[in-house]
2 protein chains.
Amino acid sequence: MLTIGKIAKASGCKVQTIRYYEQIGLIAAASRTEGNQRLYRQADVDRLQFIRHARSLGFSTDTIKDLLTLENHSEMSCAAVDNIAREQLALVQGRIKQLQSLAKELESMISQCAHEDIAHCKILQALHEHDHCDDHKPLDV
Amino acid sequence: MLTIGKIAKASGCKVQTIRYYEQIGLIAAASRTEGNQRLYRQADVDRLQFIRHARSLGFSTDTIKDLLTLENHSEMSCAAVDNIAREQLALVQGRIKQLQSLAKELESMISQCAHEDIAHCKILQALHEHDHCDDHKPLDV
DNA sequence: CTTGAACCTCTAGCGACTAGAGCTTTTAGA
DNA sequence: TCTAAAAGCTCTAGTCGCTAGAGGTTCAAG
């Protein structure tokens with residue numbers, strides 16, 4: 001059995017993050033020692049690594065919950081899993097397209113900069129001309 | 001003079017968002033009518049459009065604040081603006097690289113799927129093998 | 001037996017909004 | 001002129017996935 005600190009090291013998740021995952025129901029509540037400290041089994045390391053890997057691929061915690069539920073139905077077809085992965089890929093690809101469009105616009109703005117003074121700055125001018133640009137939505141990079 | 005609803009339409013920002021921008025100091029507090037309603041000038045439309053365009057390019061509100069401050073120093077060199085834009089471009093490009101790496105891994109996982117049952121699902125298996133993958137950080141897509 | 005590391009819970013903060021409750025003001029039509 | 005609806009107001013809380021800190025308890029090593 002492992003304490004939360006040990007399993008944090010073993011899984012690569014932070015202690016706080018593991019407690020957070022328990023709180024949102026992504027992992028089951030751990031058993032406790034007499035002194036109320038969490039105790040984990042080796043199998044929990046695997047589960048946390050799974051979560052970490054899925055998170056690193058951009059899956060939301062809700063989606064990961066779905067994936068973990070599906071894992072418990074080993075006789076089912078994996079079509080659902082396949083769909084989730086494809087949706088995630090589509091999401092990532094869509095995001096790449098958006099960002100490429102941003103990069104293009106930024107590059108074009110920067111290339112026009114003649115390094116003069118602020119009054120003649122092409123970058124600021126370009127930022128004032130929203131009409132002429134593709135109408136992207138506000139976007140966190 | 002425009003009410004907040006009018007300027008929202010004119011600028012493409014939402015009413016709530018405009019009040020939020022005032023709150024965080026991105027735009028100056030608007031003058032008010034006797035009945036305490038905000039009043040805007042035409043110039044404010046331009047400022048909001050500028051903000052919207054910059055946000056759509058992924059600039060943070062803090063960075064936009066800097067850009068707007070720079071605009072008031074029209075005699076200065078635009079080197080600072082240029083730097084901000086280049087940093088933003090670097091940020092976007094870095095993000096694209098990350099996402100491309102994710103997309104690649106997702107594609108590889110999906111291509112291995114033999115559409116059998118969950119017990120043999122290559123996608124789930126791949127998610128369990130964090131060791132063998134590039135160690136990306138958790139990432140919001 | 002002491003000390004300090006690791007654990008516990010609970011709360012608040014991040015960023016950039018968004019949504020809703022509960023109120024007041026304005027505007028348009030009868 | 002009256003009334004009803006639309007639009008405005010403030011304030012609070014929620015989103016997502018953590019992260020950090022306060023203030024307390026438990027455990028392990030020396």
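Every chain is numbered from 1 and lettered A, B, ... according to where its sequence line falls, protein lines coming before strand lines.
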Student: Less than 4.0 Å between a side-chain N and a carboxylate O, is that true for B:Glu116 and B:Lys122?
Tutor: no
Student: Go nucleotide by nucleotide along DNA chain C from the 5' end; which of B:Asp62 and A:Leu39 gets its closest nucleotide reached first?
Tutor: A:Leu39
Student: Check every strand shown and say whether A:Ile24 touches a base, only sugar-phosphate, or nothing at a heavy-atom separation below 4.0 Å.
Tutor: nothing
Student: Ignoring backbone atoms, establish whether A:Thr17 has a side-chain N or O less than 4.0 Å from OP1 or OP2 of D:dT19.
Tutor: yes
Student: Step by step, would you call A:Gln112 with A:Ile123 a side-chain contact (heavy atoms from CB on, under 4.5 Å)?
Tutor: CA-CA 7 Å; A:Gln112 282 171 46; A:Ile123 294 174; over 6 Å; no
Student: Just how far, in rounded Å, is P of C:dC10 from CD of A:Glu22?
Tutor: 12 Å
Student: Rounding to an integer number of Å, can you tell me how far B:Tyr20 OH sits from D:dC9 P?
Tutor: 18 Å
Student: To the nearest Å, give me how far apart OH (A:Tyr40) and P (C:dA6) are.
Tutor: 16 Å
Student: Any chance CD of B:Glu75 has more than 12 other-residue heavy atoms, nucleotides or ligands included, within less than 6.0 Å?
Tutor: yes
Student: Rounded to whole Å, how long is the line connecting atom NZ of A:Lys6 with atom C1' of C:dA5?
Tutor: 11 Å
Student: Measuring to OP1 and OP2 of C:dC17, would you say a side-chain N or O of B:Tyr21 lies under 4.0 angstrom away?
Tutor: yes
Student: Taking all non-hydrogen atoms of both residues, which atom of B:Ser11 and which atom of B:Ile18 are closest, and how far apart?
Tutor: OG-CD1, 4.4 Å
Student: B:Leu2 has an atom CG; how far is it from atom P of C:dT27, in whole Å?
Tutor: 13 Å
Student: Hey, is the side chain of A:Arg38 poking within less than 4.0 Å of OP1 or OP2 on C:dT9, counting only N and O atoms?
Tutor: yes
Student: A:Arg55 has a side chain; which of D:dG17, C:dC8, C:dC17 sits nearest to it?
Tutor: D:dG17
Student: Between D:dC9 atom C1' and B:Ile4 atom CD1, what is the distance in whole Å?
Tutor: 10 Å
Student: Does B:Arg32 make a side-chain N or O approach to OP1 or OP2 of C:dT26 shorter than 4.0 Å?
Tutor: no
Student: For the side chain of B:Arg19, starting at C-beta, report the closest nucleotide among C:dC8, D:dC18, D:dT10.
Tutor: D:dT10
Student: Between B:Arg47 and B:Asp44, does any side-chain N to carboxylate O distance fall below 4.0 Å?
Tutor: no
Student: Hey, what do you get for CG (A:Asp62) to CG (A:Leu67), rounding to the nearest 0.5 Å?
Tutor: 11.0 Å
Student: Quick one: list whatever passes ring pair (Phe, Tyr, Trp, His ring centres under 6.0 Å) with A:Phe50, sequence neighbours left out.
Tutor: B:His128
Student: Roughly how many Å is it from CD1 in B:Ile18 to C1' in D:dT10, rounded to a whole number?
Tutor: 17 Å
Student: Generate the contact string for nucleotides 20-30 of chain D. Rules: B means base contact, S means sugar-phosphate contact only, - means no protein heavy atom under 4.0 Å.
Tutor: BB----SS---
Student: Dump the intermediate steps for salt bridge (Lys or Arg N to Asp or Glu O under 4.0 Å) on A:Asp140 and B:Arg95, then the final yes or no.
Tutor: CA-CA 10 Å; A:Asp140 298 329; B:Arg95 197 85 172 91; over 6 Å; no
Student: I'd like to know if the side chain of B:Ser108 pairs up with that of B:Ser111 as donor and acceptor (distance under 3.5 Å, no hydrogens or angles considered).
Tutor: no
Student: Quick check: are there more than 12 heavy atoms from other residues, nucleotides or ligands sitting under 6.0 Å from NE2 of A:His120?
Tutor: no
Student: Distances for protein N/O vs nucleotides 11-14 of chain C N/O pairs under 3.5 angstrom?
Tutor:
none

